[in-house]
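Because the structure is a prediction, the values reported are computed rather than measured. All chains are named by letter (A, B, ...) in the order of the sequence lines, taking the proteins before the strands, and each is independently numbered beginning at 1.
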Amino acid sequence: MLMNDQIVVSAVFIVVFIGIISEKLDKVLIVMFGALALILTGYIGFEDAIHAIDFNTICLLLGMMLLVEGMREVKIFDWIALELGLITKGDPVKVFLLFGIATAIFSAFLDNVTTVLIMVPLMISLAKGIGLNAKIYILVLVFLSNIGGAATLIGDPPNILIGTQVSSLKFIDFIQYMSIPVIITSILTFWYIKKTKPADIKSRNKDFPWLFLSNLMLEQMKREKAALSIPKSVLVKTSIIFGLVILGFFSHAIFHLEPAVVALAGAIVMLITFHKKIDLHHLVAHVEWPTLLFFAGLFVVVGAMEHAGVLETISQSLVQMTDNLWVLLMIILWASAILSGLVDNIPFVAVMIPILKQLLAQEPYASNPKAALLWWALALGACFGGNATMIGASANVVSVAIAKTRGIHIGFKEFAKEALPVTLISIIVSSFYLTALYLW
Amino acid sequence: MSSELKRTINRQLLELDRINGAIALSVDVMKAFSSTLKSYEGDMSQQALIKEFIRLHDLFMSCRPRMAQVILDTQRGLLHLMENSTPDLPKIQGLIENNIQQKWDNADKIVELSAELLDNDKILFLHSYSTQIDRLITFLANKNIKPRVIVAEQEEVKTARLLRVLDKYEFNFHVVSEYSVSHIIDSIDVAMFGALTINHNRGIVMAPGSSGLVSDMNRSSIPVYALLPTGKFSYWEDNYEPAYMERRDKQKYGVEYKKDVYSHDVLDLKLFTATITEEGILDYDNLIALFIKLQKEFLIAEEKIDTLKARNSNG
């Protein structure tokens with residue numbers, strides 16, 4: 001039974017949630033307003049609100065944003081994208097596979113929006129230049145960015161939230177538990193798209209004019225790569241810094257360093273190393289401050305819900321609903337997938353984390369070592385579910401917007417037609433995977 | 001002919017011409033031919049390759065505007081295939097390499113001839129950005145010939161591109177509006193313009209804005225030269241008139257109106273003192289004589305291709 005305080009705080013959360021979905025106002029403003037309203041009405045004190053903000057998450061995001069922006073400033077991503085294009089030799093099958101794989105790998109270690117910002121423009125130029133159906137190639141990148149992002153703690157915002165707020169989960173745990181469904185889903189996505197679009201993804205080595213066109217495009221890419229003129233030392237230094245950051249993530253538990261410290265250290269080393277090439281003020285201006293404010297506001301709203309005991313009530317209801325872990329795993333997986341497809345998955349995951357924490361502290365789940373699988377159900381559902389619709393993840397929205405500016409219109413239905421089967425495949429794979437882990 | 005293929009090739013050629021210029025485009029086309037011959041997995045017999053070259057030749061001819069150098073190179077490749085019953089790939093690759101080298105040699109020759117008209121005391125007038133002008137500035141800098149430069153501003157992006165090159169080599173330059181050169185015209189010693197092509201009417205096609213400037217130079221008896229490799233000559237009738245429309249809104253200007261923006265100007269060749277080609281600095285009569293000679297060669301080659309096409313379609 002909800003108390004008065006709980007009803008008011010829940011109502012604020014629901015209003016915030018609906019406000020985000022309605023897109024009438026910027027989601028950052030809505031969340032900040034929700035947080036402010038809760039502080040002003042005393043449902044959460046200012047001190048408690050500050051404590052509710054998880055600076056581990058905020059600093060991890062900030063560190064990665066600075067690091068990625070620094071790498072973008074030295075044009076390393078342009079270089080990689082052009083290099084990839086040259087390796088494909090303009091062959092549609094290789095473009096499809098190589099760009100897809102690279103996107104999945106990139107998005108495992110960079111955020112998904114950055115990944116599509118790097119890959120989608122080049123893919124559009126390449127597809128237009130050699131006469132490919134750009135839409136299908138863009139969609140493949142979108143799908144693979146969301147799928148690949150699920151593989152690591154830093155790959156997707158839901159994972160960042162889970163990884164930074166659940167202290168028992170380390171970077172290596174994400175790789176260990178998430179990489180198998182990510183790899184299987186990626187392979188099945190390639191298979192499904194290739195199977196359903198054979199005319200769009202076929203080799204042209206026996207078609208002279210088309211092959212000529214691909215080669216002409218490659219010449220232009222060689223010119224662009226030469227024009228970038230990135231010194232070898234920049235490539236080496238950047239690779240070393242980024243390599244050390246990844247190594248730092250893998251070993252953060254051993255050295256008792258939070259992922260946020262690793263990311264910030266990488267960013268600072270990057271900025272010092274390239275202080276002559278990177279204008280700090282310009283770089284800082286490119287940090288996505290609205291995203292950080294969004295997270296901060298959201299933490300306050302969720303903190304108020306926790307403070308009022310709303311989340312405890314929900315977790316108790318979940319325990320009363322079922323004491324069967326497998327059933328709960330499936331509920332969490334499918335519910336988070338469906339919700340992620342329809343609305344912003346970050347508020348949902350932010351709320352679910354304290355709920356699951358409280359649920360795992362209660363019997364029968366407290367004594368069940370397999371109950372930790374619930375975290376992976378939440379992560380898989382939230383990350384893979386983002387593929388379902390055009391608005392399911394930021395990477396989808398950004399890619400569709402980039403395509404539009406280049407004269408390629410991808411409609412909501414058109415997106416969903418290709419995306420729903422891919423999402424369904426990924427959630428079915430995840431269901432089998434979680435079932436196998438549950439039984440094993 | 002696939003309309004998708006035609007559309008894509010046309011778009012790609014236009015785009016690459018816009019970004020890199022005609023010479024670089026034709027070099028890239030040659031390199032693309034070379035790579036295609038290496039990686040093509042279809043029938044490599046003489047007949048099959050001729051068929052594929054004819055397909056590409058027809059595709060290039062159907063593009064608007066036509067890219068003269070690309071068409072001429074394809075024609076040359078096709079004639080070579082017709083004359084050699086067994087395609088010798090290394091030989092073809094060698095010919096392609098020679099052709100590419102020839103293009104750069106021609107461009108260098110034009111630059112050298114242009115440089116002979118300049119010295120440190122002259123005031124050079126430039127307007128449109130072109131790869132040929134870009135190469136001329138680099139060449140002059142390397143030879144330590146630094147005339148003072150007056151630049152009439154065209155589209156800002158293009159002028160900025162030109163100014164970056166001048167700035168890089170520390171030329172003394174200053175910029176004026178392209179519509180008010182009368183204020184400085186008396187100080188100009190020589191004007192040079194990169195040209196796009198000479199069309200079938202023997203009009204010289206240049207960047208938009210050139211027409212008024214060249215007329216002004218001519219009226220003031222200032223020597224004015226066009227830089228143009230002969231590979232850019234267009235021997236066919238082409239009424240392609242690319243223009244796009246800019247709209248001015250009422251809120252800003254108090255009246256709503258549209259403005260046609262053309263991609264080029266067509267000028268009378270006689271307005272120029274001479275045209276600098278790889279064949280030399282040619283006055284009007286010599287240039288026209290060269291144009292007619294090359295046009296004749298082009299038309300003979302086209303006839304051969306048409307005969308072959310007719311033979312193929314009959315049997």
Closest non-hydrogen atom pair between Leu5(B) and Pro209(A), with its separation: CD2-CB, 3.6 Å

Geometric class of the Phe208(A)/Phe33(B) ring pair [parallel <30°, tilted 30-60°, perpendicular >60°]: tilted

Neighbour count above 12 (heavy atom, 6.0 Å) for Trp191(A) CH2: no

Contacting region of Asp43(B) [heavy-atom separation from chain A under 4.5 Å]: neither

Crowding at NZ, Lys202(A) (>12 non-hydrogen neighbours, <6.0 Å): no

Contact origin within Ile9(B) toward chain A - heavy atom pairs under 4.5 Å: both

Within 6.0 angstrom of Glu170(B) CD, more than 12 heavy atoms from elsewhere: no

Contacts with chain B made by residues 86-102 of chain A (heavy-atom distance under 4.5 Å), listed by residue number: none

Part of residues 210-230 of chain A lying next to chain B, heavy-atom separation under 4.5 Å: Trp210(A), Leu211(A), Phe212(A), Leu213(A), Asn215(A), Leu216(A), Met217(A), Glu219(A), Gln220(A), Arg223(A)

Proximity breakdown for Ala48(B) and chain A, heavy-atom pairs closer than 4.5 Å: neither

Atom pair CG/CD of Leu132(A) and Glu4(B) - distance to nearest 0.5 Å: 9.5 Å

Residues in side-chain contact (heavy atoms from CB on, under 4.5 Å) contact with Lys309(B), at least two apart in sequence or another chain: Ile54(B), Asp58(B), Ile305(B), Asp306(B)

Glu246(B) atom CD: more than 12 heavy-atom contacts under 6.0 Å: yes

Non-neighbouring partners of Thr389(A) that pass side-chain contact (heavy atoms from CB on, under 4.5 Å), sequence neighbours left out: Ile391(A), Phe412(A)

